[in-house]
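Scroll down for the structure; my scribbles are underneath it.
These numbers were taken from a predicted model, which means no experiment stands behind them. Every number for a ligand or one of its atoms is a count from 1 in the order of the listing.
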Amino acid sequence: MKKKIDVPIEESIRQKQIMDKLSVYIKGKKLKYHLSTFGCQMNAHDSEKLKGILEEIGYEATDQESDADFVIYNTCCVRENAELKVYGRLGSLKHNKKNNPNMLIALCGCMMQQDAVISKIKQTYRHVDILFGTHNLYKLAELIQTRLDTGKMVIDIWDNHKEIVEDLPSIRKFDFKASVNIMFGCNNFCTYCIVPYVRGRERSRKPEDILKEIQELVADGVVEITLLGQNVNSYGKSLDKPMSFAALIQAIEKIEGLKRIRFMTSHPKDLSDELIDVIRTSKKLSDHIHLPFQSGSTRLLQKMNRRYTKEQYLELVRKIKEANPNVALTTDIIVGFPGETEEDFEETLDVVRQVMFDNAFTFIYSKRTGTPAATMEGQVPEEVTKERFNRLCDLMNEVAAKRSGLKVGQVEDVLVEQVNRQDDSLVTGRISSNHIVHLKGTKVLIGKIVPVTIVENKTYYLLGESIQQA
Ligand code: SAH
Ligand code: SF4
Ligand code: F3S
């Protein structure tokens, strides 16, 4: 079912020609699209490219799925919940399609890279029109064209992809901040994780392509960028002319007009001393590092194939904090990995207490068919996992509140993102550490960097007062 295809260099030109042709047909018809993103930041960034293609060919965005002539789900399969949501929503789409028989439904993203999912959709969800995966999203216009020409369900899933297709249109969520892929795929095969199977092998973009994209974004008004990859610390290893992640950041830092650089995600095993030096000296790197530790138990870390110990993780944290005492650390934690004992879990709580994370994404282990952990002995009963999960959340709330409390009285730069949804006399943005701050202001501040004094800590957000107003 899956095929390997070598993409010619001129592929982006060919796709643009297809988009032009299709737009003649679609523009003027006032057709609307609705896109839902189910996954991580990378998935969300892919969605920006999908939107770019859809708008290029003449679809207009709508917030109402029921109004849309083209519905697209960019799916995730990292945990079972994410998949169940997609199936649930697909069920109700059947009804929408009855009311609007010309409506097209497309599914793409990580879930589609699994053969079992494709079989299930072919059997049970016949109302879906287009299925494609993570390696060929740049072909969306062509797939729509094929669907319109043939009237049949179009399925195009590739196993892997060596080439990276550059220069696609994209619709960014914000004018002033943007995400930039620096690499695709993952080679780590943590034993619980499905990502390496659905995103393929690690491939780095060439530094000149990354720099060109960022320069163009900055010329377009972007002041903050987030460099994206499943494991940014191993950036550049697969390039013809290898380059380290630290060297890439230093090159990006030179771009004038760019104010703030973020990145995610860092794998602790590959975070080099060279990068720690850049963290120490950089003027533009944000005071925030997302450093997933998953479990505090060295025994479990080994079973997870994470390739570091609890002690090595803590030592790395010590070095980072020494390099930048203002750094905010956030993390990912899995509770209930097969074989997790009360003692293992206590080690996880111990890491949270020692590191004092600013925030954590906490997950209940979800069995993913095809991964080594799925068949490991000692799957933890649900009630045990839930009880541990609640204890972890209680501790994290306490720790995060203490950490954000330290911000009170500090002067920080807020990059304002939007008018506050609950109270329109306020605007909301993020400071360098990624904490959310609300302050008095109007929409003219959106995209501006405003110095504030932090005056109150509300745990998951802070209140700030603009220094100019004081
Ligand atoms: N590449 C990133 C993580 C991508 S997935 C990294 O290694 O840091 C995001 C998070 O989902 C992981 O860090 C992990 O905590 C969680 N996760 C992945 N697979 C999972 C599973 N099977 N069950 C529960 N959580 C999982
Ligand atoms: Fe998954 Fe591990 Fe790769 Fe992250 S590093 S995407 S957790 S396999
Ligand atoms: Fe991201 Fe989910 Fe895929 S976490 S990489 S969208 S499986």
Problem - Under 2.8 Å: N/O/S of Cys193 next to atom 1 (Fe) of ligand 2 - result: yes
Problem - Atoms in ligand 3 with a heavy atom of Val78 nearer than 4.0 Å - result: 2 (Fe), 4 (S), 7 (S)
Completion exercise
At under 4.0 Å between heavy atoms, what of Ser366 touches ligand 1? The answer is both
Handout entry: Ile364 contact mode with ligand 1 (heavy-atom cut-off under 4.0 Å)
Key = backbone
Exercise for the section: Check whether any N, O or S atom of Cys76, backbone or side chain, sits closer than 2.8 Å to atom 2 (Fe) of ligand 3. Expected result: yes
Exercise for the section: Give a yes/no verdict on whether any heavy atom in Val78 is under 4.0 Å from an atom of ligand 1. Expected result: yes
Exercise for the section: Identify the protein heavy atom lying closest to atom 3 (Fe) of ligand 2, giving its residue, its atom name and the separation to 0.1 Å. Expected result: Cys186 SG, 2.3 Å
Problem - Part of Cys190 within contact of ligand 2 (heavy atoms, under 4.0 Å) - result: both
Handout entry: Element-labelled atoms of ligand 3 that are located less than 4.0 Å from some non-hydrogen atom of Cys110
Key = 3 (Fe), 5 (S), 6 (S), 7 (S)
Fill in the blank from the handout: Nearest non-hydrogen protein atom to atom 5 (S) of ligand 2, with distance, is Asn188 ND2, 3.3 Å
Handout entry: Donor-acceptor contact below 3.5 Å, side chain Gln113 vs main chain Thr134
Key = yes
Exercise for the section: Answer with yes or no after comparing the ring centroid distance for Phe245 and Phe263 against a 6.0 Å cut-off, counting only values under it. Expected result: yes
Handout entry: ligand 2 atoms in contact with Arg306 (distance to a heavy atom under 4.0 Å)
Key = 2 (Fe), 7 (S)
Problem - Per-atom contacts of ligand 2 with Gln230, taking only distances under 4.0 Å to non-hydrogen atoms - result: 6 (S)
Practice task
Take the angle between the ring planes of Tyr33 and Tyr59 and call it parallel below 30°, perpendicular above 60°, tilted in between.
Solution key: perpendicular
Handout entry: Main-chain N/O of Glu224 paired to Arg262 side chain as donor or acceptor, under 3.5 Å
Key = no
Practice task
Before signing off on this row, confirm whether Asp332 and ligand 1 have an N or O atom pair separated by under 3.5 Å.
Solution key: yes
Problem - Side chain, backbone, both or neither: Tyr192 near ligand 2, heavy atoms under 4.0 Å - result: side chain
